[in-house]
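All remarks here apply to the structure that follows.
Order of the sequence lines sets the chain letters (A, B, ...), proteins ahead of strands, with each chain counted from 1.
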There are 2 protein chains.
Amino acid sequence: MTAYRTARKRDAAATRQALVQAAAGLFAERGYERTTVREIAARAGVNQALLFRYFGSKQSLFEEVVAGESLRHLRETPPESVLETALRGLLAAGSEDQGQRHRALEICLRSAVGGTATRTGALLSEEYADALATLTEAEDAALRADLVLAWLLGIGLTRSVVGKGALAGADPDEVCALVLDCARTMLEKLPANESR
Amino acid sequence: MTAYRTARKRDAAATRQALVQAAAGLFAERGYERTTVREIAARAGVNQALLFRYFGSKQSLFEEVVAGESLRHLRETPPESVLETALRGLLAAGSEDQGQRHRALEICLRSAVGGTATRTGALLSEEYADALATLTEAEDAALRADLVLAWLLGIGLTRSVVGKGALAGADPDEVCALVLDCARTMLEKLPANESR
DNA sequence: ACCGGTTGTAAGCGTCTGCTTACAAAAGTA
DNA sequence: TACTTTTGTAAGCAGACGCTTACAACCGGT
């Protein structure tokens, strides 16, 4: 895995990217606060002082991670698919998934709990809420969107943190069906459940 | 506030209780990990070494807090009222409420995020889930209960951690109506919404 | 008055945290 | 080659953390 990095040394861009990727993974898994800069550097295979050379602080690195692929990923997804996409991303969190799924929500919601990374996390949450709010004509669209988003947060946390019984071991398709059916009560423009 | 404590010194029971109450408040507000033993001792108005004399460790104190009033409170509430009671407790979290509301969920869910206090927190979550699971005849009752519980977790966190827009400022009655209506899709025995 | 156990206090230990510094090795430029 | 700049490394700093220790103050019983 470090074959590439050892092959070509002294590559600032590669070092930066390695740090960003390692940080994204750890922030998603453990949240902002429980991730240490030493862990990030170790996973990236890089001296931890470089983290501060390239990003200045742990907080700045976090912002770069969130503002990067995460936001872009969200903006490329049509609103009516956001919920299912995000939910499936959350449900697949446990398994070793290399692909670029919606890791954004995981990262920001998981980290929002701490409080330090709140500002950046809140920004991303808002963007998700705005997308969901377009799915209803109700007056309280914003509130409904927030509630659905809160549900995602809870599901993600329950699954990944507490290795809890029913939800932790459940079939993603089943969970998806239940949640989407239920969410349609609040967001009436949500497409019908088409997953087999 | 410390008038009582200064009046009668050298009272082990009072010291213990002061520590438990201070810890309960701080765990609910900040979660397990972000609460320090020094803070707990300070709020209780006692020397922090006493925390270790009476409880042995921060973890043990946490368990005593959760196992104490919290569990008892839950067991006294009939299953069909648990959801609304817990939800209203969560929604009132911001305001200064002295009364014994359902602080249990707040504490354990907020703390479950960290991972250290997971075992104790999971136990309490399970008890809540069991109560909710009695409200449906569906085969996947456990999963449905977990999902609803996860929703509570998400709502509580979104409201108290991120001071986020719509949900943070919303009227508890309104939130209650939306959530309960929606949850009835999954837990059909949930009583009709009777709040004005 | 004396003594043994209980309750409270001050100081500090060892470890971990985010972050900094001083310096060495490689690359670019002449 | 000689010099500057960029990239990487090792060591460590100050502060916070959970927890411990040594000791003083108080109390009840005799």
Side-chain angles (χ1 to χ4, degrees), chain A residues 2-23 26-27 29-65 111 113-120, chain B residues 2-23 26-27 29-65 111 113-120:
Chain A
T2 43
Y4 169 70
R5 293 210 75 258
T6 42
R8 173 195 304 224
K9 284 187 171 175
R10 293 183 67 80
D11 184 337
T15 301
R16 267 191 74 105
Q17 200 196 351
L19 281 168
V20 167
Q21 283 186 346
L26 285 165
F27 286 149
E29 289 167 27
R30 306 210 224 297
Y32 178 82
E33 317 242 60
R34 287 182 53 88
T35 301
T36 72
V37 296
R38 284 171 173 83
E39 281 175 324
I40 297 172
R43 180 176 289 200
V46 155
N47 189 292
Q48 58 136 338
L50 295 179
L51 188 155
F52 295 95
R53 175 168 359 253
Y54 291 128
F55 301 97
S57 70
K58 184 188 177 187
Q59 175 73 33
S60 299
L61 171 56
F62 178 78
E63 280 162 22
E64 189 140 333
V65 166
S111 301
V113 172
T116 308
T118 297
R119 218 164 277 174
T120 314
Chain B
T2 44
Y4 169 71
R5 293 208 75 257
T6 42
R8 173 195 304 221
K9 282 184 171 178
R10 295 182 66 81
D11 185 337
T15 302
R16 266 190 74 104
Q17 201 196 349
L19 281 167
V20 168
Q21 283 185 347
L26 284 165
F27 286 149
E29 290 167 27
R30 307 211 225 295
Y32 178 80
E33 318 243 55
R34 286 180 54 87
T35 300
T36 72
V37 296
R38 286 170 172 85
E39 280 175 325
I40 297 171
R43 179 176 292 198
V46 310
N47 189 289
Q48 58 135 340
L50 295 178
L51 189 154
F52 294 96
R53 181 180 338 265
Y54 291 129
F55 300 97
S57 71
K58 183 188 177 187
Q59 174 75 28
S60 299
L61 171 56
F62 177 78
E63 280 163 21
E64 189 140 333
V65 167
S111 301
V113 173
T116 308
T118 296
R119 221 163 277 176
T120 315

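Among all heavy-atom pairs drawn from B:Leu19 and B:Ala41, the shortest one is CD2-CA, 4.2 Å.
If you take CG of B:Asn47 and P of D:dA24, they are 16 Å apart, rounded to a whole angstrom. The OH-P distance, from B:Tyr54 to D:dT20, rounds to 16 Å in whole Å. Here the C1' atom of nucleotide C:dG8 and the CG atom of B:Leu51 are 14 Å apart, to the nearest Å. Nucleotide C:dG28 holds its C1' atom 15 Å from the CG atom of A:Asp11, rounded to whole Å. In this structure, CG of A:Leu19 is placed 15 Å from C1' of C:dC19, rounded to the nearest angstrom. Taking atom CD1 of A:Ile40 as the reference point, atom P of C:dT17 lies 11 Å away to the nearest angstrom. As rounded to whole Å, 12 Å separates atom C1' of C:dG18 from atom CD of A:Gln59. Residue B:Phe62 contributes atom CZ, which lies 18 Å from atom C1' of D:dC17 at whole-angstrom precision.
Between A:Thr15 and the phosphate of D:dG8, there is a side-chain N or O to OP1/OP2 separation shorter than 4.0 Å.
Residue contacts shown for B:Ala49 include a base, since a base heavy atom lies under 4.0 Å away. As judged by a 4.0 angstrom heavy-atom cut-off over every strand, A:Phe55 is placed among residues making no nucleic acid contact.
The line from CD1 of B:Ile40 to CG of B:Leu50 is 13.0 Å long, rounded to the nearest 0.5 Å.
Annotation: of the two residues near DNA chain C, A:Glu39 and B:Leu50, the 5′-most nearest-nucleotide partner is B:Leu50. Taking for each of A:Thr35 and A:Arg53 the nucleotide of DNA chain C with the nearest heavy atom, the 5'-most of the two is the partner of A:Thr35.
Within the 3.5 Å criterion, the main-chain N or O of A:Leu51 finds no donor-acceptor partner in the side chain of A:Lys58. Checking side-chain atoms of B:Tyr32 against main-chain N and O of B:Gln59 turns up a donor-acceptor pair under 3.5 Å.
Closest to the side chain of B:Val37, from the set D:dG18, C:dT21, C:dG18, is D:dG18. You'll find that the side chain of A:Gln48 is closest to C:dC19, out of C:dG8, D:dC17, C:dC19. Here the nucleotide nearest the side chain of B:Arg38, chosen from C:dT21, D:dG18, D:dT7, is D:dG18. Which of C:dG8, D:dT20, D:dT9 sits closest to the side chain of B:Phe52 comes down to D:dT20.
Remark: the A:Arg10 side chain and the C:dA27 base include no donor-acceptor N/O pair separated by less than 3.5 Å.
At a threshold of 4.5 Å between non-hydrogen side-chain atoms, the residues B:Phe55 and B:Arg16 count as touching.
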